[in-house]
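Side-chain atoms are counted along with the backbone in the values below, which use heavy atoms only and exclude waters and symmetry mates. Just so we're on the same page: letters track the sequence lines, and every chain starts at 1.
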Number of protein chains: 2
Amino acid sequence: MPEPVERVTLIDVLESRLRGDIVAGLYPPGTLLPPERKLAEDYGVTRASIKNTLVRLEQLGLIETRHGVGSRVRDFRSYGGTEVLPWLVGQTGAGLLPDVFEARRTIGALVARMAAERAKPEDALELRMRLNDVETAKSAAEAHDAENEVHRAVARITGNQVFRFLANSLLNGYEPVRRTLDAAFDPQWTASALAPLVEAIAAGDPEAAETAALTYLRATESPMLNLLTMRLEEEER
Amino acid sequence: MPEPVERVTLIDVLESRLRGDIVAGLYPPGTLLPPERKLAEDYGVTRASIKNTLVRLEQLGLIETRHGVGSRVRDFRSYGGTEVLPWLVGQTGAGLLPDVFEARRTIGALVARMAAERAKPEDALELRMRLNDVETAKSAAEAHDAENEVHRAVARITGNQVFRFLANSLLNGYEPVRRTLDAAFDPQWTASALAPLVEAIAAGDPEAAETAALTYLRATESPMLNLLTMRLEEEER
DNA sequence: GTGGCTCAGTGGCTGAGCCACTGAGCCTCT
DNA sequence: AGAGGCTCAGTGGCTCAGCCACTGAGCCAC
């Protein structure tokens, strides 16, 4: 089951290092980062590379750069958006996971209910197709991908583009640990666990959809949690 | 009431132009952007500036850059996260606003309920302080800022960091049109409209908090909508 | 004590250039 | 034919060297 190799650029490395330093508190919120010229010298790279890195960090909402002044660290816990989720889990340990699960569960139930209220016949068709993709997946990894597509389809069926964005943001939160979680998605099991949700939405039954979503999301939590804590422990060794 | 001047860098301009071209469909999802050297020539800037711009767009999830190949446009409507909200409203017109409002309303109610379930005495204290900040604000702009802090405080009280991120993401969505919306936040009116929500959370009454949140959020929708459509019409002229 | 000046420090942006990777087309050997 | 290897043009990754523009602190003159 070959996976595409992860390409890591210099900027990726620099971003990760600086990000880590910020999260670890080496540069507390409100303080200035060292000047670009000094960072470049310290890390042994050009200012251009540092600049590119800082552009990323600024886009992430971690810093604010001002001409003639410097890059000031922002308080991302108070003012950061969902963009920070993808790397925050890996960088702060398992403490964040219960929060992620709770958000996934409550918002998932909300979205499922709304989708059931608004599903059209062709939506039912698409959902069943996606469910079939899960069931006939040839590996857990494929089933995992197909499962995500079910989530996206449900969000799309709400007819609300913002819910699609929200769903994607939460799904993106798992992206860095995606392959770790594959093992939790046995095709058969996942498909049968998802079936009640798909049918409730197809039938246009909001109550049943909400319940089914809660049941499904809860059921997947503990296997995911186990896999992730195992991985985090491994990384500590 | 002087506002800090907006500094616009070359990269800001380039980002906005390229973003606009992508959203407008000049570069459809799946296609490659022109090479950096050509973009640099076309726009009359250096490759370094183009590169910085592309780094931003990549962070935004709009493109995917691969060494030796180019920058491929991603389908942000299907796979984009909440990061795109801030500029999407301005770039696609008022069509997105009802979706934003619905998300704000339903998630706001959810968060309010959860905050009421978990509020501690000191949280009640903080909420009342924030409410007081709204009431005693010396201008609509100040009241608006204070109102946002109430939202952030409610999200914080849930004890779930992910809800804080979600709330911030939705609030960030308004950032570019922030000052346009100021007029909707008369200090007195806003404070009295928020009071039931604050009291319900302070009293630990989830049902009342949910209802109060829905009422408040609905009440603010039409003034905000009016201001925004007025602004969009003005921009068209 | 107000306003203007200077200056060191900092980010913004340029221009030129080399290196590394990708993919398509060709060529060989079987 | 087909499989494997080669070449090469095109593209992004990154460097080096440098000038310009902005900021803020300190000084000075009025």
(request) Specify the closest pair of heavy atoms between A:Asn168 and B:Arg77, including all atoms of both residues, with the distance to one decimal. (result) ND2-O, 4.5 Å

(message) Could you tell me how far apart B:Ile50 (CD1) and D:dT11 (P) are, to the nearest whole angstrom?
(response) 14 Å

(request) Using whole Å, report how far CD of B:Glu64 lies from C1' of D:dT11. (result) 16 Å

(request) Nearest whole angstrom, please: distance from the P of C:dG17 to the CZ of B:Arg37. (result) 13 Å

(message) Return whichever of A:Arg7 or B:Arg47 has its heavy-atom-nearest nucleotide of DNA chain C closer to the 5' end.
(response) B:Arg47

(message) Does A:Leu54 reach a base, just sugar-phosphate, or nothing at all? Heavy atoms under 4.0 Å.
(response) nothing

(request) Send over the distance from A:Arg72 CZ to D:dG24 C1', rounded to a whole Å. (result) 12 Å

(message) Output the rounded distance in Å from CG (B:Asn52) to P (C:dG12).
(response) 9 Å

(request) Whole angstrom is fine here: how far is it from CD in A:Glu15 over to C1' in D:dG13? (result) 16 Å

(message) As a quick check of understanding, evaluate side chain to side chain donor-acceptor pair (under 3.5 Å) for B:Asp12 and B:Thr9, giving each step before the final call.
(response) CA-CA 5 Å; B:Asp12 290 332; B:Thr9 69; 3.2 Å; yes

(message) Using OP1 and OP2 only, check whether a side-chain N or O of A:Ser49 sits under 4.0 Å from D:dT15.
(response) yes

(message) Please report the distance, rounded to the nearest Å, between NZ in B:Lys51 and P in D:dT15.
(response) 12 Å

(message) Closer than 3.5 angstrom, by distance alone: can the side chain of B:Asp99 be matched with the main-chain N or O of A:Asn160 as a donor-acceptor pair?
(response) no

(request) Under 4.0 Å between any heavy atoms, over every strand shown, what does B:Thr46 touch: base, sugar-phosphate, or nothing? Just pick one. (result) base

(request) Tell me, with the steps shown, if B:Arg164 and A:Thr82 meet side chain to side chain donor-acceptor pair (under 3.5 Å). (result) CA-CA 9 Å; B:Arg164 297 179 74 180; A:Thr82 50; over 6 Å; no

(request) Both distances under 3.5 Å, Watson-Crick or G-U wobble: report the partner of D:dG24, or none. (result) C:dC7

(request) List the steps and the verdict of salt bridge (Lys or Arg N to Asp or Glu O under 4.0 Å) for A:Asp123 and A:Arg156. (result) CA-CA 9 Å; A:Asp123 295 329; A:Arg156 193 192 51 71; 3.5 Å; yes

(request) Please give the nucleotide sitting opposite C:dC27 as a Watson-Crick or G-U wobble pair, both distances under 3.5 Å, or none. (result) D:dG4

(message) Among D:dG18, D:dG13, D:dT11, which nucleotide has an atom closest to any side-chain atom of B:Glu36?
(response) D:dG13

(request) Check every strand shown and say whether B:Arg66 touches a base, only sugar-phosphate, or nothing at a heavy-atom separation below 4.0 Å. (result) sugar-phosphate

(request) Rounded to the nearest angstrom, tell me the gap between atom NE2 in B:His67 and atom C1' in D:dG12. (result) 5 Å

